[in-house]
Amino acid sequence: MIADMLKMENIRIMEEAADWKDAIHMSLEPLLAGGYITENYEKAILECMKEYGPYFVLAEDFALIHARPEDGVLEKQLAITLLRKPVIFEGSDFPVRVLIALGASDPNSHLDAMKVLSSIFMDENKVLELVGSTEPQQIYGLLVSAEENLQ
């Protein structure tokens, strides 16, 4: 359930990131501050980016910032950072405005949340609603509503 994986304080709306590395750092800050991940998690993501390129850019507007559970996840949790000015990740042509930081503590417990997120990614109206949000509560409400529609 979204309520189990996303706390309101982990949703932020920011003007912009200095670059793609800053965007990754910004997206992970709430998870680190909340004690859901260790500092090593960001290092692991940057190492994977060097090796595989922007594997976490899923589609235009969306990046799922993540690494393996053993790379520093202490407890499963999501954080969502909405950037007003999109960022382009090195090696990708897609502008990204929504960064979803995922701390998955195992291979399966986050799959229901991923279904909800993918239902939003695939609906252009929901994407427009998400990127047009002005308050974290709007983003949270959109996710809860999307989850209810899947049930």
Side-chain angles (χ1 to χ4, degrees), residues 1-37 39 41-42 44-46 48-49 52-67 69 72-105 108-151:
M1 295 195 54
I2 288 297
D4 296 333
M5 288 215 43
L6 180 63
K7 306 285 185 255
M8 186 68 74
E9 62 266 21
N10 294 342
I11 302 173
R12 301 185 311 160
I13 300 173
M14 312 289 281
E15 192 57 38
E16 64 184 313
D19 57 26
W20 64 267
K21 286 181 184 178
D22 185 46
I24 289 173
H25 179 75
M26 288 170 52
S27 74
L28 294 170
E29 280 179 333
L31 298 183
L32 186 60
Y36 300 104
I37 61 170
E39 289 183 7
Y41 198 63
E42 182 174 344
I45 290 168
L46 293 173
C48 285
M49 171 69 179
Y52 303 112
Y55 64 95
F56 41 73
V57 177
L58 303 179
E60 186 169 354
D61 280 324
F62 290 99
L64 181 64
I65 308 299
H66 68 287
V73 177
L74 302 172
E75 186 179 340
K76 73 177 177 176
Q77 188 65 211
L78 289 171
I80 298 177
T81 302
L82 171 60
L83 298 174
R84 291 285 170 227
K85 182 180 177 192
V87 65
I88 304 276
F89 286 88
E90 185 178 300
S92 174
D93 295 329
F94 290 128
V96 171
R97 291 186 280 181
V98 181
L99 297 114
I100 300 160
L102 169 65
S105 55
N108 298 315
S109 64
H110 63 287
L111 295 180
D112 285 339
M114 294 301 98
K115 288 177 191 173
V116 171
L117 293 169
S118 66
S119 76
I120 292 171
F121 300 161
M122 297 183 326
D123 184 325
E124 191 172 329
N125 290 329
K126 288 180 183 173
V127 171
L128 291 173
E129 185 179 344
L130 179 61
V131 299
S133 296
T134 58
E135 298 291 329
Q137 295 84 352
Q138 289 174 278
I139 295 170
Y140 188 82
L142 177 64
L143 293 171
V144 169
S145 175
E147 181 175 52
E148 289 169 355
N149 290 336
L150 288 176
Q151 295 176 357

How close do I120 and V127 get, heavy atom to heavy atom, and via which atoms? O-CG2, 3.3 Å

Residues S133 and I13: closest non-hydrogen pair is O-CD1, 3.8 Å

With rounding to the nearest 0.5 angstrom, report the [atom1] to [atom2] distance, [X] to [Y].
{"X": "K76", "Y": "Y36", "atom1": "NZ", "atom2": "OH", "answer": "12.0 Å"}
{"X": "L6", "Y": "L143", "atom1": "CG", "atom2": "CG", "answer": "6.0 Å"}
{"X": "D61", "Y": "E124", "atom1": "CG", "atom2": "CD", "answer": "10.0 Å"}
{"X": "L46", "Y": "H25", "atom1": "CG", "atom2": "NE2", "answer": "10.5 Å"}

State whether the side chain of [X] and the backbone N or O of [Y] hold a donor-acceptor pair below 3.5 Å, judged by distance alone.
{"X": "R12", "Y": "M26", "value": "yes"}
{"X": "E147", "Y": "I2", "value": "yes"}
{"X": "Q77", "Y": "L31", "value": "no"}
{"X": "S119", "Y": "V116", "value": "yes"}

Just wondering, are more than 12 heavy atoms of other shown residues or ligands nearer than 6.0 Å to CD in E90? no

Does F56 reach the side chain of I24, with side-chain heavy atoms less than 4.5 Å apart? yes

With side chains defined as the heavy atoms from C-beta onward, is the minimum distance between I100 and F121 less than 4.5 Å? yes

Aromatic ring pairing F89/W20, orientation class (parallel under 30°, perpendicular over 60°, tilted between): tilted

